[in-house]
Protein chains: 2
Amino acid sequence: MPALPHAAPATLHDVAREAGVSLATASRSLNGSARKVNDDYRQRVLAAAARLNYSPNFSAQAIAKGSTSTVALVVSDIADPYFSSIAAGVIRAAEAEGLIVTMAVTERNPERELELVRALRGQRPRVMILTGSRSVDSEHQAALITELTAFTATGGRVVLISQEGLPFNTVVVDNYLGARALANALVAQGYRTFAALTGAETLVTSRDRLAGFADGLAEHGIAIHPDRVVRGEFTRDGGFAAATELLATGLEQVDLVFAVNDVMAIGAMSALREAGIDVPGDIAVAGFDDIDTARDVTPALTTVNIPLTDVGRQAVALALSDTARTGDEAVRVATRVILRASSPAR
Amino acid sequence: MPALPHAAPATLHDVAREAGVSLATASRSLNGSARKVNDDYRQRVLAAAARLNYSPNFSAQAIAKGSTSTVALVVSDIADPYFSSIAAGVIRAAEAEGLIVTMAVTERNPERELELVRALRGQRPRVMILTGSRSVDSEHQAALITELTAFTATGGRVVLISQEGLPFNTVVVDNYLGARALANALVAQGYRTFAALTGAETLVTSRDRLAGFADGLAEHGIAIHPDRVVRGEFTRDGGFAAATELLATGLEQVDLVFAVNDVMAIGAMSALREAGIDVPGDIAVAGFDDIDTARDVTPALTTVNIPLTDVGRQAVALALSDTARTGDEAVRVATRVILRASSPAR
DNA sequence: CTGTTAGCGCTTTCAC
DNA sequence: GTGAAAGCGCTAACAG
């Protein structure tokens, strides 16, 4: 089968010819900022462009002006509601600024993240937004910093979402304080014996939340028994598995399980339910993030709210702001404890 | 504050000079397919590139070779699990092919969709994938077809996800048959009196599912009373609102509420619960899509499975396949009824 | 195999 | 105000 003959897309040149004007005039009519072009000509050009179904070639524009209009967004897993909500905020804010967003997924693999960042530089995006927990793995971390630094050195803007500490602009979510506030609220509800489901040891987000929670409990002289802290993947299935593992050790005296994020908490609730354990009758549960479904599960999930779409929006705003040029600006977003039916007063 | 001085990114030219070879040789070493270049030179070039932290400019490559490596994906709402799961499939498949994906969100607005498609053409993507329900609104529909046709006429590939009938490649989800099978299964479970929560009249997906469900019931001589079909937005909140509205009309004799998608079903379950109605004790619920959370709500939601990430993957495969050049290829994905606790046998 | 040289589509001085 | 022409960074003939 022969390749179908495809007319090449109309070029600015074609438009100029069709309109009987010069390339420059066509360019100015279609995109040029100042309205320096005679309205006669302008109309002719516009008409010609419409007639030819002209669409400006962004690559050509980018190369001619030396800058693109794209935002590169890197997430761990776009099917995870935490990331998809942030992405929604990023995309909305970016589109409002006339920016195109390209999306890349690390699948929670630091090596892959590094590769992606490296590859993404080829796009010469105006902004690169990295979300997903930093890991304390120093090797990839260092390489990542190198790569991002190379990017900012050539005028790119970088925004990290989550924990601060790296030499880049960041939207900081106060995981530690949020978790601590949650612990306090839970103690106030009457809970005394806790278990925790946490993510990989190297994930900063996971660490911070667990530390905050533990410190919050400590204020009341409560500690979580080490055997009751179980690690799992930072996903729904990870939560399910971790809860199952926890069950095996016997949960009799535990009255609340804290999962470091909502998807894990929801997985844990499913595991408990399948094991015939009533939530919150037998045991209460709390999570972190306040993803949309937290209110739709039964019982509705107690959690710590993060204004996720807003975080995305702020990331874009920060990237575009003048103050961000220094490259180490921080914007903090407030977290808020949300008590729901999964942790009634007792 | 003066603009920080930013070194321009290293160019191929810089690399060539640094390595002491010609531009062509540098290009060939770094990207050229055939290994026609002497290994000596090759190494020198690679070393120089590394030293300069060189990253090829995709825009320049695109314009020089006349084609890009990007896939444009248009979704209604990336925070909706239906779309984010499909997007996950698209992104994974695209990345495996070395393609970059750019994402745009219509927010369920046909005009916006049209604008986006128009704008996206400027990227000269290899592929454009549109997901989200087609609407039967003929005006936008026609304009959209025009725009997409212009795109394919210049060699672009288009893939639509969901219902067939438009002159483009499409990944077809059998909404009608799936809903019909669901109705049959539900009748077999012992249900006899139904209500339905549906989306906007113009949404093809919503129509097809409702029609399939109604026809499935009709096979058993059952009809849904028109007063018991209520329309809402195609979202969780739409389902919540629609269920609330339904409640106002009195639901005493209804034994199952079918929502045309899972997010609506989940919203409806929350509304019912808040109204003190027990699901499935007082009334059963069923949805459509089988999003991840369908199994985590309580009771777990009866639904019709669509292999969402696979749909995304298939869309990319279809776009890239040779047979898709004709532009009207269809790939069907199978749906499967999943009975869960929200509709026990009775 | 390697280097020279034309472009690719567009923006932007720089003259007119 | 308008046009001619010089690039932007890279690839791909085309000669050596």
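The sequence lines fix the lettering, A, B, ..., with proteins before strands; numbering per chain opens at 1. Computed from heavy atoms alone, side chains included, the values below leave out hydrogens, waters and symmetry copies.
Between the B/D328 side chain and the B/P167 main chain, no donor and acceptor come within less than 3.5 Å of each other. Under a 3.5 Å cut-off, the side chain of B/S85 and the backbone N or O of B/Y82 do not form any donor-acceptor pair. Judged purely by atom type and a 3.5 angstrom limit, B/E95 uses its side chain to pair as donor or acceptor with the backbone of A/V105.
Side-chain contact check for B/V37 versus B/S29: some heavy-atom pair is nearer than 4.5 Å. A heavy-atom distance below 4.5 Å is not found between the side chains of A/T70 and A/V101.
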Protein-proximity profile, nucleotides 3-12 of chain D, B/S/- by nucleotide at the 4.0 Å heavy-atom cutoff, equals BB---BBBBB
